[in-house]
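Structure first, commentary second.
Reckoned from all heavy atoms, side chains included, excluding hydrogens, waters and symmetry mates.
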Amino acid sequence: MHRFSLSPAARKAILIGCMCSISYLAVYVARNILGAVSPQMIAGGSFTTESIGTLSSLYFITYATGQLINGSIGDRIPAKYMISFGLVLAGVGNLCFPLLASTRTAAYMAYGATGFFLSMIYGPMTKVVAENTEPIYATRCSLGYTFASFFGSPSAGVLAAFLAWQSVFVCSSVMLLLMGAVCFLVFTLFERRGIVVYGQYTRQKNGSGSETGSRADGIRILIRHRIIRFTLISVLTGVVRTTVVFWLPTYLAQHLGFAEDTAALLFTVSTFVISMTAFVAVFLYERLGRNMDLTIRIAFISSSVGFFLVFLCSHPVINIICMIFAIMASGCAASMLWSRYCPSLRDTGMVSSATGFLDFMSYMAAAVSSRLFASAAHTIGWSGLILVWLALMLLGVFVAFAGSGRQRRTV
């Protein structure tokens, strides 16, 4: 009999991937709390729909801005410090928010600060995975924390179903603080054992053979790697994976007529199913011969069909099923962006900067759309909003087919 054994590269990838995935779960629980408890906050009179929209937009703006800043810093500072300090500081900000809820300006500042601190994590995390694992394992590791990002929504929903909204924020804060400490200790151990090594890749060299160091050189390198096309994909999928999911509990309560506690439970179940998106995306990607472009095309087409069915179907159960399908299909395109495209930039030496920029664009779109959706729910109604979401996915179909360039089949 042959004993099953993993290669050293596979074992290293599992260790790094598990640590990053667990840390990122804490991030996404914190990120999804406001959406999960918003029906409670509105029903209790603490906040209005418009003020929740303002809070979410403020968070997305600070998170997006932080991604742009911290993504660049993450190419220069070890991931251990960026990730652990970001988790701890976000835990402090998250804890302050419910304590300052009666002072609206202070509460807004605390919640905005939480968004900025959480933005210290994703870019450096993607960089450390891309630079310390083989390409095939980098995709699998990214799959792990992409799954964690989707699983954060149902986790927040479970807390919202059983606890008052203030207690939900406190629980999330404790999780962030603990994970910050654990992350620092584990990454220190990884460094000592050589599992994580920094500075292995620098910017690509230009035509003359000298290292490209200027910002303009970096931009040209990323343009050659189709950054413009993937920026558009980031924007379109960001609206669905962030804003549409954020407003899902309110949609269930206001448009489909469910009670607040029922809406929270349905949100939990729905987002648990949605959390499987990353695995569906990689399964589809593998079955399509590891063709990233084709996977993205099918994802956007499927999402367009899903939102069209949401618009047509008035039966609550069928409506929810179609909504889940539409969100998951869009999430498949997003999974290709974060799990396949970003790690593929390893040789540029700018994984963290590029990932931060793409996340910045994604969340700036989410910030604008969240505020607009809050107002649009009262003006054009939820049915009108569904048509807006459909139009965005149809635009995604156009982007997916336009300027694809040569097909990339990589491990």
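For Phe360, the ring pair (Phe, Tyr, Trp, His ring centres under 6.0 Å) criterion is met by no residue, not counting sequence neighbours. By the side chain to side chain contact (heavy atoms under 4.5 Å, CB included) test, Phe283 pairs with Arg287, sequence neighbours left out. When the side-chain hydrogen bond (donor to acceptor under 3.5 Å, both in side chains) test is applied to Ser23, no partner is found at least two apart in sequence or on another chain. Applying the salt bridge (Lys or Arg N to Asp or Glu O under 4.0 Å) test to Glu134 and every residue at least two apart in sequence or in another chain returns nothing. Scored by the salt bridge (Lys or Arg N to Asp or Glu O under 4.0 Å) test, Lys12 finds no partners at all (sequence neighbours excluded). Partners of Ala13 under the side chain to side chain contact (heavy atoms under 4.5 Å, CB included) rule, at least two apart in sequence or in another chain, are Thr133, Tyr137, Cys141. Not counting sequence neighbours, the partners of Leu312 by the side chain to side chain contact (heavy atoms under 4.5 Å, CB included) test are Phe308. Phe300 pairs by the ring pair (Phe, Tyr, Trp, His ring centres under 6.0 Å) definition with nothing, not counting sequence neighbours. With sequence neighbours excluded, the residues that form a side chain to side chain contact (heavy atoms under 4.5 Å, CB included) with Leu178 are Val174. Checked against ring pair (Phe, Tyr, Trp, His ring centres under 6.0 Å), Phe230 has the following partners two or more places apart in sequence or in another chain: Tyr341.
Side-chain polar atoms of Thr237 and Ser330 form no donor-acceptor pair below 3.5 angstrom.
Evaluation of the salt bridge (Lys or Arg N to Asp or Glu O under 4.0 Å) test over residues 358-368, restricted to residues two or more places apart or in two chains, returns Arg241-Asp359. The side-chain hydrogen bond (donor to acceptor under 3.5 Å, both in side chains) pairs that include a residue from residues 99-112 number zero, where partners must be two or more places apart or lie in different chains.
With Cys322 as the partner, the side chain to side chain contact (heavy atoms under 4.5 Å, CB included) test is satisfied by one option alone out of Val317, Val305, Val310, Ile327: Val310.
Ring geometry for Trp338 versus Tyr122: interplanar angle over 60°, hence perpendicular rather than tilted (30 to 60°). Taking the six-membered ring where the residue is Trp, Phe169 and Trp165 present perpendicular rings, their angle passing 60° and hence far from 30°.
Considering OH of Tyr59 and OG1 of Thr62, their distance stands at 7.0 Å, rounded to 0.5 Å. Distance CZ/Phe190 to CD1/Ile195: 5.0 Å, rounded to 0.5 Å.
When the shell of 6.0 Å around CG of Leu189 is examined, it contains more than 12 heavy atoms from other residues, nucleotides or ligands.
The side-chain heavy atoms of Tyr251 and Ile386, taken from C-beta on, include a pair separated by under 4.5 Å.
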